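Below: one structure, written as structure tokens.
In each ligand, atom 1 is the first atom listed, and ligand 1 is the first ligand listed. Nothing here was measured: the structure is a model prediction, and the numbers come from that model.
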Amino acid sequence: MSAEVEDVADLVIRSRRVVLPEGEGPAAVAVRGGKIVGVYSHDAAPDAVEQVDLGDVALLPGLVDTHVHVNEPGRTHWEGFASATRAAAAGGVTTIVDMPLNSLPPTVNADALAVKREAADGQCAVDVAFWGGAIPGNAGDLRPLHEAGVRGFKCFLSPSGVDEFPPLDEDGLRAAMVEIASFDGLLVVHAEDPALLADPEGPGYPEFLGSRPGEAECRAVERVAALAGETGVRAHILHVSSALCLEPLAKARREGVRITAETCPHYLTLMAEEVPEGATQFKCCPPIRSSANRDELWRGLADGVLGCVVSDHSPSTPDLKVPDFAAAWGGISSLQLGLTAVWTEAARRGHGLGDVVRWMAEHPAALAGLRGKGAIAVGADADLVAFDADAVHTVDVSTLHHKNPVTPYHGRTLMGEVRTTWLRGRVVGNDPQGTLL
Ligand SMILES: [Zn+2]
């Protein structure tokens, strides 16, 4: 009797479109104790306390967004853990990794991490992990942060936008890499070479774009790759916006440098030619570039030079988005919209849901060392998303869970809708059930 009881799953979800690591097709996924305990053919699942049949609605693993600026504590009016994680769940994201800057204090030592964890505790709808920060003078804090559980360290080579998180110079970068390599950690880099950046010569988008050329990214990637090769550190280039980065990245990897890279939904779906005048909800650093550049980024994804697509959700209050590209806050809000924005463009370009899942779940989970996340597989956490891939909707910013109603996607028609999100086998609702990882 007891053996039979144990064989009954808590939950079985069937779909004609289950996106598994080996491909997409009809299947049934069984969940017990918050874990995936079996993947069966569509009509052969075991008994379960609860049965869900999604029909033609797809079943995806919960997405893993490794680039989210939550901003709490300190700038909670920009975004907080409760609102960010509700937005994540509504967008099919079941794990976020929080960036170390824009909150106060920045996460640059173990005490600051403890403050951040305390702020997050008990109010997260999805799972939350943390990046630490590498800034001038804190090399001695990196190992304690690593031991306290951060997934890696973020640094800037150019000014970050906030005074309390200064960039590393060449010596500082090398010192951070040597230290991080000593415990085989990961350094994630905002790569723009400050020597090639300038103040915009006017308030418009063309002047802003001209002030942050693709060459600045390319040069910075070359520097990071050279130093990563020299020190042996694992390095990752954040938010690649310029296709000029693709060749240096590919070359470094051919030479055995441990370097990976990501891009973001806005670089893949928006383009400079379409940024309306004064519409600084489109401002981010590095900037959204030309349509031709966007095509090249898609090629980089298809080739595998770019491995991850993550949001770089970096919100602010609306008052900081003044209609002047030189003065406005640089950051795009999109946490809830990344999946549908990317899927809309991916489908148009002939990619499948399996590609999107690889870029937005499997690879980010691997980057941040999040075992049991990012794939529908036996033994993994039952973080799952029912995704109606064919539904079409028009984005209305007032319906998003983001704390502030600012996003360049407002009014855009996107394909796909998240129907249900499960975290460890439980439907994500109003009751915060996320874990701090
Ligand atoms: Zn960022």
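Atom CD of Glu230 is surrounded by more than 12 heavy atoms from other residues, nucleotides or ligands within 6.0 Å.
Residue His69: an N/O/S atom is found under 2.8 Å from the Zn ion (ligand 1). Residue contacts to the Zn ion (ligand 1): His67 brings an N, O or S atom closer than 2.8 Å.
Of all N, O or S atoms in Asp312, the one lying closest to the Zn ion (ligand 1) is OD1.
A salt bridge does not link Glu192 with Arg219: none of the charged nitrogens is closer than 4.0 Å to a carboxylate oxygen.
No donor-acceptor contact under 3.5 angstrom links the side chains of His266 and Asp312, judged on distance only.
Proximity of a side-chain donor or acceptor of Arg289 to a complementary backbone N or O of Ala272 within less than 3.5 Å is not detected.
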